[in-house]
Amino acid sequence: MKVKVISRNRREFTRERKSELTRVCRTTQPELHPFEKAREYQRAVNAVKLDRHFAKPFVGALSGHMDGVYCMAKSMGSLTTLLSGGCDGEIRRWDLAERRLLWSARAHAGFVRGMAFSRSGHHFVSASDDKTVKLWSAAAERDDAAPLAQYLGKHGFHDVDHHHKEHTFGTAGPTLLLWDTARSEPLHSFEWGADAITRLRFNPAQHNLLGCISSDRAVTLYDVSAGSAMRKMTMQTRPNALCWNPMEPMHFTLASEDHCLYTFDMRKLDHALCVHRDHVSAVLSVDYSPTGRQFVSGGYDKTLRIWSTGELKSEQVYHTKRMQRLFSVCWSMDASYVLSGSDDTNVRIWRAVANERGAPKSSREELKREYSAALVEKHKYLPEVKRIKNHKHVPHAILKAAEVKETVAKSQFKREKNRRAHSKPGAVPKIPAKKKKVWKVHE
């Protein structure tokens, strides 16, 4: 009689370390796994439930301001440096890693309207209502340290932004002024029929391009090297803030007074690429992630929302009982945290991913997280997973305001539909929402 014995080497299915689990050999043949889809679906439901259960986005608050935090600035040369400017003229520099104050100064006699770091992070500029722009050293430690330079203007300044390569910066006011840090007088002055310019931002890739928001509801693109304006777009509603996408520098997003955010392509200003609707009050600030895949917005409705580029609805909504209206938001340079400055004198730190933790993870934990995220992404359109993933806890007042907004939008849509049905063909044209808010484009 012939007997065949199955013989295996133990090293082939056992790990080297005794503390680790035993390796299990599995076959991936589909005919041997008839319930694979059901198991994956249940794992996806469990994964999205655990994500919601362990979501704790709030990290901490930086307190110390005596008035509301109106503006913030992050340094391109340091991951842990943050500037915050208050409505009482005080500027504070923070260490985000240790959550402590490094330096503070009573810099201005009025609101600190804007701040901006240089590309290297060596110095920063601050603008205020008191008609001054001051240049400060980013390494100052004494609270009584004097500014490196001071620039006087004829009117109060509404915003400031530093050039990404050169030692120049731009200021917003009754006119757009371009300054050199080595000169006391502005180099150039730009204007295009606007009462006042409220916001300005340099393009992160085309450094001579400057985007501005003016009080006549217009967005204007200026070419600093040519010394002239390129294009101007006037909207139906007033935009409050502007931010360029760092990975797609031809795109920018506007935070508007009509509770929406609009993403535009600078080459085609006659319509928006996407209309982001979720806020229930005016949106006051917007900032992009360094990866360019997400952006954050803060509004008058006391909530901070995180959006994916190109999505209509927000992914995350952050709020606390004591947080008031958000005047400024920004994303950390490592794309892991979101910062907000509000009217209640606090700067708050939030996690960009609500269920992430700062502690280092083992390779097995990383693989498990990646597998769970892939399952949720695969099954995100199924009803149960979609319901849990899209559910957001918001205050009762915001929930009721959102319901009222939805009712008003439906009634307006129905009224326009009835008017079109009972009018002559073409008398009431159907205008898409992406074009409806753009009033005129000036070449």
Side-chain angles (χ1 to χ4, degrees), residues 55-65 67-87 90-104 112-117 121 124 126 138 159 161-162 199 201 240-244 246 253 255 261 279 283-307 314-320 322-354 356-358:
K56 295 181 180 179
F58 182 69
V59 177
L62 306 176
S63 59
H65 278 280
D67 207 337
V69 180
Y70 189 82
C71 60
M72 294 189 300
K74 55 187 177 182
S75 173
M76 304 289 286
S78 174
L79 294 177
T80 60
T81 302
L82 176 74
L83 288 176
S84 60
C87 296
E90 184 183 18
I91 295 178
R92 288 175 172 255
R93 190 172 82 245
W94 306 90
D95 186 347
L96 296 179
E98 300 181 3
R99 297 187 222 168
R100 64 185 180 91
L101 177 66
L102 297 177
W103 171 81
S104 66
V112 182
R113 293 292 183 179
M115 296 182 297
F117 271 99
F124 65 91
S126 62
D159 197 12
D161 194 29
H162 202 285
R199 290 288 184 272
R201 288 294 180 270
N240 292 322
L242 178 146
C243 187
W244 296 92
T253 299
L261 295 105
H279 281 280
V283 190
L284 302 178
S285 182
V286 61
D287 188 40
Y288 264 94
S289 165
T291 61
R293 297 180 178 180
Q294 293 177 303
F295 63 90
V296 60
S297 64
Y300 208 76
D301 56 359
K302 308 175 185 178
T303 61
L304 179 144
R305 297 177 185 263
I306 296 178
W307 314 70
S314 60
E315 290 186 349
Q316 301 288 343
V317 182
Y318 296 161
H319 57 88
T320 63
R322 297 177 181 175
M323 187 166 67
Q324 298 299 312
R325 297 160 294 196
L326 297 175
F327 287 125
S328 59
V329 293
C330 70
W331 213 296
S332 65
M333 292 305 299
D334 59 352
S336 298
Y337 297 95
V338 174
L339 303 133
S340 64
S342 59
D343 203 17
D344 60 348
T345 72
N346 282 329
V347 177
R348 288 179 173 85
I349 306 174
W350 310 82
R351 293 185 179 89
V353 181
E356 279 284 349
R357 294 297 178 266

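Ring planes of Trp94 and His65: tilted class, angle from 30 to 60°. Taking the six-membered ring where tryptophan is involved, the planes of Trp307 and Phe295 are essentially parallel, since the angle between them stays under 30° and well short of 60°.
A 4.5 Å side-chain heavy-atom check between Arg93 and Thr81 finds at least one atom pair inside the cut-off.
Note that OG1 of Thr253 is 7.0 Å distant from CG of Leu261, once rounded to the nearest 0.5 Å. Taken to the nearest 0.5 Å, the CG atom of Leu62 stands 4.5 Å off from the CD1 atom of Ile349. To the nearest 0.5 Å, atoms CZ (Arg113) and SG (Cys87) are separated by 7.5 Å. A distance of 5.5 Å separates SG of Cys330 from CG of Leu82, quoted to the nearest 0.5 Å. Taken from CZ in Arg322 to OG1 in Thr345, the straight-line distance is 11.5 Å, to the nearest 0.5 Å.
Closest of all the heavy-atom pairs between Asp161 and Arg201 is OD2-CA, 3.4 Å. Considering every non-hydrogen atom in both Leu96 and Leu79, the closest pair reads CD1-O, 4.2 Å. Between His162 and Phe117, the shortest heavy-atom distance links the atoms CB-O, 3.3 Å. Nearest heavy atoms, Leu326 versus Ser342: CD2-CB, 3.5 Å. What you find for Leu339 and Leu304 is that their closest heavy atoms are O-CD1, 4.5 Å. When all heavy atoms of Trp331 and Ile306 are compared, the pair lying nearest together is CH2-CG2, 3.8 Å.
Atom CZ of Arg357 sits in a crowded spot, with more than 12 heavy atoms from other residues, nucleotides or ligands closer than 6.0 Å. In this structure, Tyr318 places its OH atom where more than 12 heavy-atom neighbours from other residues, nucleotides or ligands lie under 6.0 Å away.
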Requested in this report: Please test His279 against Ser297 for side-chain contact (heavy atoms from CB on, under 4.5 Å), starting from the C-alpha separation and ending with a verdict.
Outcome: CA-CA 9 Å; His279 281 280; Ser297 64; 2.8 Å; yes
Requested in this report: Could you please spell out the steps behind the side-chain contact (heavy atoms from CB on, under 4.5 Å) verdict for Arg305 and Val317?
Outcome: CA-CA 5 Å; Arg305 297 177 185 263; Val317 182; 3.2 Å; yes
Requested in this report: Would you please test Arg351 and Val59 for side-chain contact (heavy atoms from CB on, under 4.5 Å) and show each step?
Outcome: CA-CA 7 Å; Arg351 293 185 179 89; Val59 177; 3.6 Å; yes
Query raised in the report: Step by step, would you call Asp343 with Phe327 a side-chain contact (heavy atoms from CB on, under 4.5 Å)?
Result: CA-CA 7 Å; Asp343 203 17; Phe327 287 125; 3.6 Å; yes
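Counting only residues at least two apart or on different chains, the salt bridge (charged side-chain N to carboxylate O under 4.0 Å, His left out) pairs with a member in residues 287-304 are Lys74-Asp287.
Under a 3.5 Å cut-off, the side chain of Arg199 and the backbone N or O of Leu242 do not form any donor-acceptor pair. At distances below 3.5 Å, not a single donor-acceptor pair connects side-chain atoms of Arg325 with backbone N or O atoms of Leu284. For Ser285 (side chain) and Val329 (main-chain N/O), a donor-acceptor pair under 3.5 Å exists by modelled atom type.
Taking the six-membered ring wherever Trp is involved, the centroid distance between the rings of Tyr337 and Trp350 does not fall below 6.0 Å.
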